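Just below is one structure, and these are the notes that go with it.
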Protein chains: 2
Amino acid sequence: MSETQKQAMTIAKECFAVRLRKLNRVVSAIYEDSFRPFGLTIAQFNLLIAIGARGQASPTQLVHSLSLEKSTVSRNIEKMKKKGWVSLVSATDKRSHLLTLTPSGDAILEIATPAWTFAQEKAAKTLGPLSSIIGDISLS
Amino acid sequence: MSETQKQAMTIAKECFAVRLRKLNRVVSAIYEDSFRPFGLTIAQFNLLIAIGARGQASPTQLVHSLSLEKSTVSRNIEKMKKKGWVSLVSATDKRSHLLTLTPSGDAILEIATPAWTFAQEKAAKTLGPLSSIIGDISLS
DNA sequence: TTATATTTGTTGTATATGCAACTTTATGAG
DNA sequence: CTCATAAAGTTGCATATACAACAAATATAA
């Protein structure tokens, strides 16, 4: 066996990114499957609850809260505005603006909640012991 | 405070997908930053080591090993072929084919390994106690 | 106050990802 | 053997994501 192959085997086994990315795909797919009937994606759901939890939020707040790039937030919010789930609120700083859930946004959240609960329980089984500490890691 | 807002706060705090996706973005960014000087992405690196660890591998094996969709593997491998890191080996089943690392593929793996080690150590700090059990979860 | 720097979003470009539909090849049931 | 089914990849289409460059507005320094 080549040295490169031995090294690759070591990295494949130890690499956090390999493992975490795979875990992310598997778990995200559980939620995607659950939300699909509602025309809702997990990324959009994340934004919906981030806004909903605050009542209103600026894109910059969402960037920090979810560790997303500002352009990603910009484009995903754009899609959600077109679906009528999110709308603008006037802000003092004219560079920025505040986002809030429309009644339709509230409604989709209500409708999707049982699907979320189902996915959450399924994900807990997949995550096993990881589920009890995954919420404790501090992310800048 | 509205009922929707209370519910959103609960979900935002408890949802595994929100947390795991954020963690994935933060940790993946550590590796992306580290690999960027070599024109290598973390997704490509994952495929390189998955092939390298086996010596040779079919796309279907990569699909199962990394829980990726076959079309994703198809397109990412295509990019890596164009970069000269991966090449084909003849296979018995004419539907399929086997992939292997070229000398150039071995070389990029060698070159990127110190960058991987640096990222791995940085990621360990971010993951904290998660790092010790993240490799133990069984993923189908 | 004015010039500079910072903050906030948007847009161009690129990679990563998944679903559905399709083609080719192999397998299995009769 | 023949036909139906399954397996393996590719391609069309859509979403998610990030970096770089940009524009507009605000804040800061001189």
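Below, read A as the first sequence line, B as the second, and so on, with proteins coming before strands; counting in each chain starts at 1. Here the structure is a predicted model, which means the values were calculated and not measured.
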- Query: What string of B, S and - do you get for nucleotides 1-6 of chain C, 5' to 3', if B is base contact, S is sugar-phosphate-only contact and - is no contact with any protein heavy atom under 4.0 Å?
  - Reply: -----B
Using atom [atom1] of [X] as one end and atom [atom2] of [N] as the other, report the distance to the nearest whole Å.
| X | N | atom1 | atom2 | result |
| --- | --- | --- | --- | --- |
| B/Leu66 | C/dT17 | CG | C1' | 13 Å |
| B/Arg25 | C/dT17 | CZ | C1' | 14 Å |
| A/Asn24 | D/dT17 | CG | C1' | 12 Å |
| B/Lys82 | C/dT15 | NZ | C1' | 13 Å |
| B/Leu40 | C/dT15 | CG | P | 13 Å |
| A/Lys22 | C/dT17 | NZ | C1' | 16 Å |
| A/Ile77 | C/dG9 | CD1 | C1' | 12 Å |
| B/Asp93 | D/dA8 | CG | P | 7 Å |

Non-neighbouring partners of [X] that pass side-chain hydrogen bond (donor to acceptor under 3.5 Å, both in side chains), sequence neighbours left out:
| X | value |
| --- | --- |
| A/Gln120 | A/Tyr31 |
| B/Lys6 | B/Glu3 |
| A/Glu69 | A/Ser71 |
| B/Glu121 | none |

- Message: Can a donor-acceptor pair be found, under 3.5 Å and without considering hydrogens, that links the side chain of A/Gln56 to the backbone of A/Leu98?
- Response: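 No, A/Gln56 side chain to A/Leu98 backbone: no donor-acceptor pair under 3.5 Å.
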- Sequence-distant partners of B/Arg36, side-chain contact (heavy atoms from CB on, under 4.5 Å), two or more places apart: B/Glu32, B/Asp33
- Message: Taking side-chain contact (heavy atoms from CB on, under 4.5 Å) as the definition, give me every residue that meets it alongside B/Ser65, ordered by chain and number, with sequence neighbours left out.
- Response: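 Scan of B/Ser65 (side-chain contact (heavy atoms from CB on, under 4.5 Å), adjacent residues dropped) gives B/Arg54.
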- Side-chain N,O (B/Asn76) to OP1/OP2 (C/dT15) below 4.0 Å: no
- Phosphate-side-chain proximity, B/Thr41 and C/dA16, N/O vs OP1/OP2 below 4.0 Å: yes
- Flag side-chain contact, heavy atom, 4.5 Å: B/Leu99 against B/Leu62: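 Answer yes - side chains close enough.
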- Message: With heavy-atom distances below 4.5 Å as the criterion, would you say the side chains of B/Trp116 and B/Ser34 are in contact?
- Response: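 Counting from C-beta outward, B/Trp116 and B/Ser34 never come under 4.5 Å.
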- Message: Heavy atoms only, 4.0 Å cut-off, all strands: where does A/Gln44 land among base, sugar-phosphate and nothing?
- Response: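 Result for A/Gln44 = sugar-phosphate.
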- Item | Nucleic acid contacts of residues 54-63 of chain B, taken as heavy-atom distances under 4.0 Å to DNA chain D | B/Ser58, B/Pro59, B/Thr60
Distance-only donor-acceptor pairs under 3.5 Å for side chains of residues 76-91 of chain A, two or more places apart:
residue, atom, partner, partner atom, Å
A/Lys83, NZ, A/Gly39, O, 2.9

Would you be so kind as to tabulate the donor-acceptor pairs closer than 3.5 Å made by side chains of residues 122-134 of chain B, with sequence neighbours excluded?
residue, atom, partner, partner atom, Å
B/Ser131, OG, B/Gly128, O, 2.7
B/Ser132, OG, B/Pro129, O, 2.8

- Nucleotide of C/dA16, D/dA16, D/dG9 approaching A/Arg21 most closely (side-chain heavy atoms): C/dA16
Using a cut-off of under 3.5 Å, enumerate the N/O to N/O pairs linking the protein to nucleotides 19-21 of chain C.
residue, atom, partner, partner atom, Å
C/dC19, N4, B/Ser71, OG, 2.7

- Message: Can you list, by chain and residue number, the hydrophobic cluster partners of A/Phe118 when the side-chain cut-off is 4.5 Å?
- Response: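 Besides A/Phe118, the cluster holds no residue at all.
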